[in-house]
2 protein chains.
Amino acid sequence: MAAPLPAAPGGSRGRRARRPSGDDRERAILATAEDLLGQRPLPDISVDDLARGAGISRPTFYFYFPSKDAVVLALLDRVVEEARESRSAALRRAGDDVRASWRGALEAVRGTFAAHRALTAAAASLLATSAEVRVLWAAIMDGFVEETAAAIEAERARGAAPAGPPARDLAVALNWMNERVIHVTYAGQTPALAEDDLIDVLLTVWLRTVYGTDTPGTAPA
Amino acid sequence: MAAPLPAAPGGSRGRRARRPSGDDRERAILATAEDLLGQRPLPDISVDDLARGAGISRPTFYFYFPSKDAVVLALLDRVVEEARESRSAALRRAGDDVRASWRGALEAVRGTFAAHRALTAAAASLLATSAEVRVLWAAIMDGFVEETAAAIEAERARGAAPAGPPARDLAVALNWMNERVIHVTYAGQTPALAEDDLIDVLLTVWLRTVYGTDTPGTAPA
DNA sequence: GAGCCGCTCGACACCGTGTCGAGTACCGTG
DNA sequence: CACGGTACTCGACACGGTGTCGAGCGGCTC
């Protein structure tokens, strides 16, 4: 919401070299986008809506962003970063209790997406049309997969988890499962899970897949 | 490809009451769509392209279909039916060997989607914008989930599978995992699995989730 | 041969996108 | 204080896609 960005020069995404002034406008566009996305789906929002909402004309909008998609991408950048950090933090915390650790990671991702449903829905619709969004999405999923695969390998190394397919392969399947199940659940699609059962169910699949049991760390050698 | 449709009156989907003649045109449009989808993504195909490909003018196209989306929906109807039947058949076959039975179901769905990659990609892009496609997709996933849930419950009842979360909840998670993993793998996105490993990995997750082991039927009482 | 019906398309209205070029306001510098 | 530049603004335009309307045409039936 806040995040003043004192004078960050390197625009990570391609959008535009930022200048001290006019910066308010850029933020106004972003804010308008976030606001409108809470009201209706992305395809029903035009560049004109965004411009008007930010108090500027349509051509002026193009001075700040090359397209409607770029606005969503900018918004998404922030959320993706938030999800990544929140997940890594959860994984770092709770080092002892294995089960709690996995649960924390699940919970972190779920939390981030739940907090930004509208944006996530918009991202999903862009996934089909925007190569940039696809790249961004692939990057975050890749990060999750790497992290997960490393964790599985560690558990196998210490004898807590049985062998099986490459850890990375399992990680790919599990993480995509999360992505989709969380998405359909929060987007109100069917078949979905009850929001309250989400984490329990996903955790069960993760634990059984990795350890073969719901209660790792209690029985094995 | 063939499927003459002798004179089927009840257009399942909303498209239009069908008349004996002009039927060739309808098929030509469908064929053109399938063809063009093999060349470029759906958003890059206009109604005009479809019409020209079928040898008619754009307004005439609207005599046969209410929109571009409806064409894809019609195509999708057939494929969805194919997937459903192929999966049910696989589940019916191989009654004894549990593992083979699950594998067959996985294989059936994979096969159908692999055979229609382009269409599946188009469906994915419509999922974001077309309520009808969403309903159709929800329906097929629901069918898979029901079938899966029943199978899990049967396994639990005969003591082959351990208790745990509601069978339906596990079924939801597992089937969405399949959907997504198959999709990213065949759409060439990342992170994905190698096409050859797909089934093995998914099967492992399914078996471990349902039974807690890769080799059901060998150990338990 | 009159009339209907399935079918066809030219022409049109509409909407959203993206661009171009003519401004304006404000800056620092001479 | 002019002067030139630069950040920014927007009216007007061109384009491409969608969907509709109404006139026309060919074959069938009575």
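Chain identifiers are assigned alphabetically (A, B, ...) following the order of the sequence lines, protein sequences preceding nucleic acid strands; residue numbering begins at 1 within each chain. No hydrogens, no waters, no symmetry mates; every other heavy atom, side chains included, goes into these values.
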K.L.:
Over how many whole Å does the gap from A/Asp48 atom CG to C/dG18 atom P extend?
P.N.:
13 Å

K.L.:
Among D/dG19, C/dT19, D/dC10, which nucleotide has an atom closest to any side-chain atom of A/Tyr62?
P.N.:
C/dT19

K.L.:
Can a donor-acceptor pair be found between the side chains of A/Arg110 and A/Ser86 at a distance below 3.5 Å?
P.N.:
no

K.L.:
Rounded to whole Å, please give me the gap between CZ in B/Arg52 and C1' in D/dG17.
P.N.:
14 Å

K.L.:
Using whole Å, report how far CD1 of A/Ile45 lies from P of C/dT17.
P.N.:
11 Å

K.L.:
Would you mind reading off the distance between B/Phe61 atom CZ and D/dG19 atom C1', rounded to a whole angstrom?
P.N.:
11 Å

K.L.:
Using whole Å, report how far CD of B/Glu26 lies from P of C/dC7.
P.N.:
10 Å

K.L.:
Go through D/dC10, C/dA11, D/dT18 for me and flag the one nearest to the B/Pro59 side chain.
P.N.:
C/dA11

K.L.:
Give the rounded distance in Å between these two atoms: CG of A/Asp23 and C1' of D/dC8.
P.N.:
14 Å

K.L.:
Using distance alone, with no hydrogens and no angle criterion, decide if B/Glu179 and B/Trp137 have a side-chain donor and acceptor under 3.5 Å apart.
P.N.:
yes

K.L.:
Given atom CG of A/Leu50 and atom C1' of C/dG16, what is their separation to the nearest angstrom?
P.N.:
13 Å

K.L.:
Tell me whether the side-chain N or O atoms of A/Arg58 pair up with the base of C/dG18 as donor and acceptor below 3.5 Å, since no angle test is needed here.
P.N.:
yes

K.L.:
Report yes if some heavy atom in the side chain of A/Val47 is under 4.5 Å from a heavy atom in the side chain of A/Phe65; otherwise report no.
P.N.:
no

K.L.:
Is any NZ, NE, NH1 or NH2 atom of the basic residue among A/Arg78 and A/Glu34 found under 4.0 Å from an Asp or Glu carboxylate oxygen of the other?
P.N.:
yes

K.L.:
Ignoring backbone atoms, establish whether B/Thr60 has a side-chain N or O less than 4.0 Å from OP1 or OP2 of C/dC9.
P.N.:
yes

K.L.:
To the nearest Å, give me how far apart CG (A/Leu42) and P (C/dG16) are.
P.N.:
14 Å

K.L.:
Could you work out which one of C/dG6, C/dC9, C/dG16 sits closest to the side chain of B/Phe63?
P.N.:
C/dG6

